Amino acid sequence: MTNKELANLIFPNINKTIDDYRKIYPKRDSNLVVTRFAPSPTGFVHIGNFQAAVTDYILAKNNNGIFYLRNEDTDKEREKENAVEVIMETLKYYGITPDEYEYKGEVVGNYGPYIQSKRKEIYQTFIKHLIEIGRAYPCFCSKETLDEVRHEQEAFKVRTGYYGRYATCRNLSLDEMAERIKKGKDFIVRFKSMGDPEKRFKFDDLVKGKIFMPENDLDDVIMKKDGLPTYHFAHVVDDYLMGTTHVVRGEEWLSSVPRHLEMFNAFGFEPPKYIHTPLIMKKENDKIRKISKRKDPEASMSYYQELGYPTEAVIESLMTIINTNYEQWHTANPDKTFLDFTYDPKKMSSSGGLYDLDKLENISKTVISKMTKEELYKYSYDWACIYSKSLKELIEYNPEYYKNILNIEREQKKPRKDIAKYSDIENNIWYMYDSIYNSKEKTYGYQKITNIEDIKEILNLYIEKYLDLSDKETWFNNIKLLCDELGYASNMKDYKNNPDNYKGNITDISTVLRVSLTSKSMTPDLYEIMRLLGKDRIIKRYNSID
């Protein structure tokens, strides 16, 4: 029995060779930067995965390269229904659109299939080649046998895994392997490592720099019983055939580098350049820890969609940890987007990126403040159609009125920054709608002037003599006249010089007018609120104060 005969016994229907696939997938232009987002459809899109996707995207776009999506769905036991749709829709939602992909029957690009479960024959061709050259072999060990080996290793306090004297099937003769296969014994296929863990090699990570690592001696599983490959093997074949030049992945994969590089070397393939991104951390009380899939809702990208953070704000917040100099650059270039920024892996923190939700809020407020009323109307309405029935109804009741509310203090040099996400909007504007205002239980925080009789006197006199919305100057002058008539300082300088001469000042009067109208002490421009509400509605609300 020869290695080639054993390979034909295991794969009798595999007739193509590696050279055949080299012709099917010709090499890309050597100057082209090619990156890939290669998630497993096993649940929601994690913020760490999305950070890698943004890094992939900007790295490709910086270099007029290719960014493609590959779904690594070989772990069928962990695959979740609709996970592929969640992945693609998340990328589309944030504008991180792949240049090449496969989705719902549509294949864009010449290097597909882009779904690993559809590439089974390709992987088996490459595995067959490894068996032929003596770098892979069938393993017949049962789960029970592997458990016994692991318990023995733990008892002797040695490294666990299938290696050295514990790799029992590696030492079977080719005839023994063939005999067991002919008898119908279940088997998997393992890669035959030639590494020596006592020896070290140099690996150059584009983030962490030069790293010295021990050689690999683990005989990893490369094909499972169902004939599908493991991640460790599949990504080697795919990245080679698809021409991937840079692999961006979390630093938890750093320990796998020796086994991956050995597989590339076994085929004589040039490996891609690796960018191992730091873990995304969060601050909890006085401690900093890794964001948890189980404990932290912000670990899922759906969290940001559901709350209505603008896509630009989420990406901007991630860019601050993708490159440490991004904030400084963006401050100097406020009108440019992240795509104008030149990504440099050397300026990515190697010790972990702290993701700060407060920072996201501040970035998001700035992003929303720069939107025109038409833009904010569109984005908030699109969001409300999915996530907020009540806001959707408010918008649809009178779209122009809604736009005018949003436009208060929007066209100024320093627009207001009171909205951080679309889910904040309703709580910021509800008082502009009588149906909500009249039904809502309100607490009036009048601050300095609290006596109800004094409040009624102010409101009644204002309605009787000074309620004029013809223009802002007249409106403000009338409030000053109201102050003068009631014994309040209409000029703050006069009040500060002689506070005992007055009951209070114009700020106190304005607070009564504002709170009685909206129930809030902090609102956007009071004149614009009054102008939109109109005299009749103002009078009705002031008359309801008791």
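Computed from a predicted structure; not experimentally measured. Residue numbers start at 1 and run along the sequence shown.
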Enquirer: Go through the steps to decide whether D205 and K208 satisfy the test salt bridge (Lys or Arg N to Asp or Glu O under 4.0 Å), and finish with yes or no.
Expert: CA-CA 5 Å; D205 181 81; K208 299 179 180 296; over 6 Å; no
Enquirer: Are any of the side-chain heavy atoms of Y326 and E316 separated by less than 4.5 Å?
Expert: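 They are in contact (side-chain heavy atoms under 4.5 Å apart), so the answer is yes.
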Enquirer: Any chance you could lay out the side-chain contact (heavy atoms from CB on, under 4.5 Å) test for N71 and Y103, step after step, and finish with the verdict?
Expert: CA-CA 10 Å; N71 282 305; Y103 185 60; over 6 Å; no
Enquirer: Treating K61 as the side-chain partner and L339 as the backbone partner, does any N or O pair qualify as donor plus acceptor under 3.5 Å?
Expert: no
Enquirer: Run the side-chain contact (heavy atoms from CB on, under 4.5 Å) check on N333 and F341 step by step: do they pass?
Expert: CA-CA 9 Å; N333 300 275; F341 176 76; over 6 Å; no
Enquirer: Tell me whether the rings of F267 and F233 are parallel (<30°), tilted (30 to 60°) or perpendicular (>60°).
Expert: tilted
Enquirer: If you apply the rule side-chain contact (heavy atoms from CB on, under 4.5 Å), what do you find for V221 with C139, and how did you get there?
Expert: CA-CA 9 Å; V221 178; C139 174; over 6 Å; no
Enquirer: A cation-pi test, strictly: NZ or CZ of R190 under 6.0 Å from the centre of the six-membered ring of Y162 and no more than 45 degrees from its axis. Yes or no?
Expert: yes
Enquirer: Would you kindly check if the NZ (Lys) or CZ (Arg) of R78 is within the cone defined by 45 degrees around the ring axis of Y231 and under 6.0 Å from the six-membered ring centre?
Expert: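 No; the conditions do not both hold, so R78 does not lie above the ring face of Y231.
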Enquirer: Side chains of Y303 and D296: donor-acceptor distance under 3.5 Å anywhere?
Expert: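 There is no such pair between these side chains.
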Enquirer: What are the two closest non-hydrogen atoms of V207 and I275, and how far apart are they?
Expert: CG2-CG2, 3.5 Å
Enquirer: Are the side chains of N323 and M348 in contact, using a 4.5 Å heavy-atom criterion?
Expert: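 M348 vs N323: side chains touch.
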Enquirer: Taking Y57 as the fixed residue, which of Y94, F37, F338 is the one that meets the side chain to side chain contact (heavy atoms under 4.5 Å, CB included) rule?
Expert: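 By the side chain to side chain contact (heavy atoms under 4.5 Å, CB included) criterion, Y57 pairs with just one of Y94, F37, F338: F338.
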Enquirer: Could you tell me whether the side chain of Q124 and the main chain of G227 form a donor-acceptor pair under 3.5 Å?
Expert: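 Between the backbone of G227 and the side chain of Q124 there is a qualifying donor-acceptor contact (under 3.5 Å).
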Enquirer: So Y387 and Y422, ring-ring contact (aromatic ring centres under 6.0 Å, His included) or not? Walk me through it.
Expert: CA-CA 10 Å; Y387 297 108; Y422 306 135; over 10 Å; no
Enquirer: Donor-acceptor pair, distance only, cut-off 3.5 Å: does the side chain of W383 make one with the backbone of K378?
Expert: no
Enquirer: In this structure, are over 12 heavy atoms from other groups packed under 6.0 Å from Y379 atom OH?
Expert: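 No, the 6.0 Å shell around OH holds no more than 12 heavy atoms from other groups.
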Enquirer: From K365 NZ over to D424 CG, what is the distance, rounded to the nearest 0.5 angstrom?
Expert: 8.0 Å
Enquirer: To the nearest 0.5 Å, what is the distance between CH2 (W253) and CZ (R259)?
Expert: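 Those atoms lie 8.5 Å apart.
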Enquirer: Are any side-chain N or O atoms of D99 and backbone N or O atoms of F67, one a donor and one an acceptor, separated by less than 3.5 Å?
Expert: yes
Enquirer: Without swapping roles, check the side chain of R170 against the backbone of S193 for a donor-acceptor pair under 3.5 Å.
Expert: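 Yes, because the side chain of R170 sits within donor-acceptor range (under 3.5 Å) of the backbone of S193.
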Enquirer: How about Y163 and N216: does a side-chain donor come under 3.5 Å of a side-chain acceptor?
Expert: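 Per modelled atom types, Y163 and N216 side chains form no pair under 3.5 Å.
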Enquirer: Which is it for F201 and L261 under the side-chain contact (heavy atoms from CB on, under 4.5 Å) test, yes or no, and what are the steps along the way?
Expert: CA-CA 11 Å; F201 70 96; L261 291 185; 3.7 Å; yes
Enquirer: Counting neighbours of CG on N110 that are heavy atoms of other residues, nucleotides or ligands and sit closer than 6.0 Å, is the number greater than 12?
Expert: no
Enquirer: Can K359 and E327 be said to form a salt bridge (Lys or Arg N to Asp or Glu O under 4.0 Å), step by step?
Expert: CA-CA 11 Å; K359 180 180 285 186; E327 280 185 89; 3.1 Å; yes
Enquirer: Between R200 (side chain only) and F212 (backbone N and O only), is there a donor and an acceptor less than 3.5 Å apart?
Expert: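 Yes; judged by distance alone, with no hydrogens or angles, the pair exists.
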Enquirer: Grab the two heavy atoms, one from T230 and one from K224, that are nearest each other, plus how far apart they are.
Expert: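 Result for this residue pair: CG2-CG, 4.1 Å.
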Enquirer: Under a 3.5 Å cutoff, is there a donor and acceptor pairing between the side chains of T337 and E312?
Expert: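 Note: T337 and E312 side chains miss the donor-acceptor criterion.
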Enquirer: Please report the closest heavy-atom contact between Y355 and L360, naming both atoms and the distance.
Expert: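 Smallest heavy-atom distance, with atoms named: OH-CD2, 3.7 Å.
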Enquirer: Please tell me whether T160 and Y166 have a donor and an acceptor in their side chains that are separated by less than 3.5 angstrom.
Expert: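 Y166 and T160 do not have a side-chain donor-acceptor pair below 3.5 Å.
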Enquirer: Rounded to the nearest 0.5 Å, what separates atom CE in M177 from atom CD1 in I131?
Expert: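 Going from CE on M177 over to CD1 on I131, the span is 9.0 Å.
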Enquirer: For the pair T245 (side chain) and V34 (backbone), establish whether a donor and an acceptor sit closer than 3.5 Å, ignoring hydrogens and angles.
Expert: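 Yes: the side chain of T245 pairs with the backbone of V34.
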Enquirer: Within a strict 4.5 Å, meaning less than it, do heavy atoms of the H46 and M301 side chains meet?
Expert: no
Enquirer: Is Y114 close to L69 at the side-chain level, that is, under 4.5 Å between some pair of heavy atoms?
Expert: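 A side-chain contact is absent here, since even the closest heavy-atom pair is not under 4.5 Å.
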Enquirer: Quick check: does any side chain N or O of N62 sit under 3.5 Å from a backbone N or O of L59, one acting as donor and the other as acceptor?
Expert: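 Checking the backbone N and O of L59 against the side chain of N62, no donor-acceptor pair under 3.5 Å is found.
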Enquirer: Regarding D19 and K23, does a basic nitrogen lie under 4.0 Å from an acidic carboxylate oxygen?
Expert: no
Enquirer: Does the pair K76 and E79 meet the rule for a salt bridge (Lys or Arg N to Asp or Glu O under 4.0 Å), with working shown?
Expert: CA-CA 5 Å; K76 291 299 181 182; E79 186 172 344; 3.1 Å; yes
Enquirer: Indicate the atoms forming the closest heavy-atom contact of S349 with T324, along with that distance.
Expert: N-CG2, 4.2 Å
Enquirer: More than 12 heavy atoms of other residues, nucleotides or ligands under 6.0 Å from NZ of K370: yes or no?
Expert: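 Counting other residues, nucleotides and ligands, NZ of K370 exceeds 12 neighbours.
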Enquirer: Contact between E85 and K104 at the side-chain level, heavy atoms closer than 4.5 Å - yes or no?
Expert: yes
Enquirer: If you measure from CG on L228 to CZ on R119, what distance do you get to the nearest 0.5 Å?
Expert: 12.5 Å
Enquirer: Measure from NZ or CZ of R36 to the centre of the six-membered ring of Y111, then state whether that distance is under 6.0 Å and the direction lies within 45° of the axis.
Expert: no
Enquirer: Where the side chain of S364 meets the backbone of E361, is there a donor-acceptor pair that is under 3.5 Å apart?
Expert: no
Enquirer: Run the salt bridge (Lys or Arg N to Asp or Glu O under 4.0 Å) test on R70 and E102 for me, step by step, so that the C-alpha distance in whole Å, both residues' side-chain angles and the decisive distance to 0.1 Å come before the verdict.
Expert: CA-CA 8 Å; R70 184 174 75 224; E102 183 169 347; over 6 Å; no
Enquirer: Which value, rounded to the nearest 0.5 Å, describes the distance between S300 atom OG and N49 atom CG?
Expert: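 Taking OG in S300 and CG in N49, the distance rounds to 10.5 Å.
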Enquirer: Of the options E152, E148, E154, which is the one that meets R150 in a salt bridge (charged side-chain N to carboxylate O under 4.0 Å, His left out)?
Expert: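 Filter result, single survivor: E154.
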Enquirer: Return the minimal non-hydrogen interatomic distance between G134 and K192, and the atom names on each side.
Expert: O-CD, 3.4 Å
Enquirer: Hey, what's the ring geometry for Y240 with F269, parallel, tilted or perpendicular (30° and 60° as the breaks)?
Expert: parallel
Enquirer: Answer whether the closest heavy-atom distance between the side chains of Y304 and E298 falls below 4.5 Å.
Expert: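 In contact.
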Enquirer: With a 6.0 Å cut-off (strictly less than), is the heavy-atom count around CD of Q328, excluding the residue itself, greater than 12?
Expert: no
Enquirer: With a 4.5 Å cut-off on side-chain heavy atoms, are P278 and E251 touching?
Expert: yes
Enquirer: When you measure from the side chain of R416 to the backbone of S369, do you find a donor-acceptor pair of N or O atoms at a distance under 3.5 Å?
Expert: no
Enquirer: Of the non-hydrogen atoms in G112 and Y25, which two are nearest, and what is the gap between them?
Expert: O-OH, 2.5 Å
Enquirer: Hey, does S423 have a side-chain heavy atom less than 4.5 Å from the side chain of L391?
Expert: no
Enquirer: Can you tell me how far apart CG (L206) and NE2 (H276) are? Round to the nearest 0.5 Å.
Expert: 10.0 Å
